[in-house]
Protein chains: 2
Amino acid sequence: MATMIDVAKKAGVSLSTVSYVLNGTRPISEKTKAVVHKAMEELGYNPNALARGLAGKNTRIIAVLCPIEERGIGMGELEVLSGAADAARKRGYHLVLWTYPLQEPEELKNLIRQELVDGVIVMEVHENDPRIDTLLECNEPFCMIGRCSNAPDIGYIDINFKQTVKDAIDHLYQLGHRNIAFINQSKETFDSGYGPSVRTQHFFMEEMQKLDLTPVSEFCHAAPAEAYEITKSLLDKNTELTSLIVMNDRAISGIMQALSERNIIVPDDFSLISIVTSSRTSELFMPQLTSVDYDGQAMGEVAVEQLINELEEKQVKGEKVLLPLQLIKRKSTAICRIKR
Amino acid sequence: MATMIDVAKKAGVSLSTVSYVLNGTRPISEKTKAVVHKAMEELGYNPNALARGLAGKNTRIIAVLCPIEERGIGMGELEVLSGAADAARKRGYHLVLWTYPLQEPEELKNLIRQELVDGVIVMEVHENDPRIDTLLECNEPFCMIGRCSNAPDIGYIDINFKQTVKDAIDHLYQLGHRNIAFINQSKETFDSGYGPSVRTQHFFMEEMQKLDLTPVSEFCHAAPAEAYEITKSLLDKNTELTSLIVMNDRAISGIMQALSERNIIVPDDFSLISIVTSSRTSELFMPQLTSVDYDGQAMGEVAVEQLINELEEKQVKGEKVLLPLQLIKRKSTAICRIKR
DNA sequence: TTGAAAGCGCTAACAT
DNA sequence: ATGTTAGCGCTTTCAA
């Protein structure tokens, strides 16, 4: 494999000149630049990533801390990864995957101390997330997807849950629905302080009260069978129910099954709206679900951009971004015609 | 951050001794080992990954070439990634994600020439896969998930499609079904030489003929609406149909919808079996689907193990593995009671 | 069983 | 605008 020395010889310049041409860190005459580029071209030269990282002060590698099977990974996480990888590539960075179990902070510390990466993206941040403490302690630059209160100076990208919930409720309200229930994720998830679960619950209550409506909500594990039972009991207890907001992809088929068994047609008799759902998932069902779509790709991209900008000091540290989600009207919501 | 020199000083030994203790590449007295380990412990020392890679002959980093949005990535691919990351971590390797578009071979070449990685795992291998040619040309060690005929000496891990199809058909046959249709992926996918599509089609024909049954099959895009239409026309054209094998996760809800509209109850009136599906997907539906489950996690693990074994010369090159898939009986298949 | 020292291929400080 | 050179933190050969 060609090295920088080979390029320098071939171009008839010094080693450092090649380096400076490559990094643009000092002015080089156009003529020299051309000669060097030509030599690189002809030799099929690419800078050795390891040597570069070792000699310089950054490695141009970032890690994604990815909880592959915590809550059971969904489409969303995958999209985040895909967006992150894309953004990293565009910036000339490599992306390494650090998966769980990193529960024992020691393992994460070992990884950090190898000094392979310039910074890390933390997916699925919780309140009291031990990873955050470790990262802080090691003084490692990072950016969170989600938030957590013990890292007030660290940048994050999160979903605008308030707006998400509001959009969903408003959509149903405008269609004439007044009896709206919410199916959240599991109680355990909620209690663990998982942001999406906690915040949507909070804002659902808040928005419903603003509209003078009675908020009905249930927790549900990521299991269709449980969702099926919950939906049936919801319909029994609340005979006037005409609509449902759900933030639990793996509950959806159970909900639809329960409605179908009661001969309740979606969307004619009942409106269903899924929130924080990837389009892929919404489109998987029949009818396709009206949903407030989670753009994992964008989350991943923004997180990486933010981290790299901080690393390259193109941006102040600790920027907080709330990504607005889009409500996409598909086929599962309609005007409320039925008084049950 | 502590370096090897710090450890050597603290332990009162030479630099090289520390290195040998770390790598076990030459005999060291127990006493010295203990002293060195103690020093490393106390300093919180971890070897610098870049320096190690630069000085030694391997970097202990492997890449996964991952076509994030070719066919639209599914649960399966994600599991592969998760399995690969796991296996890599257990072996002390880092895993970097190289995502598409790497269509122009130049980009992949540039990545390879950076000499960051010791080898690569190629996901979703096709016939006439340009990535394979590039890898071959660059003399880069790799292992394929899937196969392709222009790399006969390269190891791969693939699904045992013959057995998968046979198990599905046999299961239905034993339940008394004689009219079995198959819904494949799209015609375009088939024509592009995508292994799973081509091989399952082939073996479906073969096994049905062995049993003296008429093979009925359709191609279908990854879209529920299309699957819905196809299923209806299949029921119209073939009034005796009592069962369906599908290898297209995103067709499933359309199929179920069509059956439901015809008042055909699964599994009482009709058996449905999904093949090469992740359990996660099978369990997403109601009723839960009987399926021949794709274990992406295992695929990823095996691929990484195989690649690393080759790299460390613990294994001959070019081993071919066909992973057997398990048929899991869930709720969508039953004895054929109805003659329609 | 251990130590000394020559690189690995770069970046960046110090020259000119 | 360009060249020279001292490291970055390791592995590994050579020597003892």
Novice: Kindly determine whether A:Glu79 and A:Arg280 satisfy salt bridge (charged side-chain N to carboxylate O under 4.0 Å, His left out), including the steps that lead there.
Specialist: CA-CA 10 Å; A:Glu79 288 173 4; A:Arg280 279 287 295 274; over 6 Å; no
Novice: So does A:Lys57 get a side-chain nitrogen or oxygen closer than 4.0 Å to the phosphate oxygens (OP1/OP2) of D:dC8?
Specialist: no
Novice: Ignoring backbone atoms, test whether A:Thr32 places a side-chain nitrogen or oxygen under 4.0 Å from the OP1 or OP2 oxygen of D:dT2.
Specialist: yes
Novice: So does A:Lys9 pair up with A:Asp6, basic N to acidic O under 4.0 Å?
Specialist: no
Novice: Would you say A:Ser14 places a side-chain N or O within less than 4.0 Å of OP1 or OP2 belonging to D:dG3?
Specialist: yes
Novice: Just wondering, do A:Leu111 and A:Leu116 contact through their side chains at under 4.5 Å, heavy atoms?
Specialist: no
Novice: Are side-chain heavy atoms of A:His94 and B:Trp98 found at a separation under 4.5 Å?
Specialist: yes
Novice: Taking CG from B:Leu15 and P from D:dT13, how many angstroms apart are they, rounded to a whole number?
Specialist: 15 Å
Novice: Is A:Thr17 near enough to D:dG3 that one of its side-chain N or O atoms lies under 4.0 angstrom from OP1 or OP2?
Specialist: yes
Novice: Could you say whether B:Leu54 or A:Thr25 is positioned toward the 5' end of DNA chain C, judged by the nucleotide with the nearest heavy atom to each?
Specialist: B:Leu54
Novice: Starting at the 5' end of DNA chain D, which residue's closest nucleotide do you reach first, B:Leu50 or B:Ser16?
Specialist: B:Leu50
Novice: Any side-chain N or O of B:Tyr45 less than 4.0 Å from the OP1 or OP2 oxygen of D:dC10?
Specialist: yes
Novice: Rounding to a whole Å, what distance do you find between B:Arg52:CZ and C:dG7:C1'?
Specialist: 18 Å
Novice: C:dC10 C1' sits how many Å from B:Leu116 CG, rounded?
Specialist: 14 Å
Novice: How long is the line joining CZ of B:Arg113 and P of C:dG9, in whole Å?
Specialist: 16 Å
Novice: Is there a donor on the side chain of B:Arg26 or the base of C:dT1 sitting less than 3.5 Å from an acceptor on the other?
Specialist: no
Novice: When you measure only distances, ignoring hydrogens and angles, does the side chain of A:Tyr20 come within 3.5 Å of the base of C:dA13 through a donor and an acceptor?
Specialist: yes
Novice: I need the CD1-C1' distance between A:Ile5 and C:dC8, as an integer number of Å.
Specialist: 10 Å
Novice: Side chains of B:Leu136 and B:Phe142: does their closest heavy-atom pair fall under 4.5 Å?
Specialist: yes
Novice: Where the side chain of B:Thr3 is defined as all heavy atoms beyond and including C-beta, which of C:dC10, D:dG9, C:dT1 is the nearest nucleotide?
Specialist: D:dG9
Novice: Rounded to the nearest Å, what distance is computed from the CG atom of residue B:Asn58 to the P atom of nucleotide D:dT12?
Specialist: 8 Å
Novice: At under 4.0 Å between heavy atoms, what does B:Ser29 touch on the DNA or RNA strands: base, sugar-phosphate, or nothing?
Specialist: sugar-phosphate
Novice: Which whole-number value in Å describes the distance from B:Asn23 CG to D:dC10 P?
Specialist: 11 Å
Novice: Answer yes or no: does a side-chain N or O of A:Asn48 lie under 4.0 Å from OP1 or OP2 of C:dC8?
Specialist: no
Novice: On a plain distance test, is the side chain of B:Ser19 in donor-acceptor contact with the base of D:dT11 below 3.5 Å?
Specialist: no
Novice: Taking CG from B:Asp118 and P from C:dC8, how many angstroms apart are they, rounded to a whole number?
Specialist: 18 Å
Novice: With the threshold set at 4.0 Å, does a side-chain nitrogen-carboxylate oxygen contact exist between B:Lys38 and B:Glu41?
Specialist: no
Novice: What is the nucleic acid contact for B:Ile28, judged by heavy atoms within less than 4.0 Å: base, sugar-phosphate only, or nothing?
Specialist: sugar-phosphate
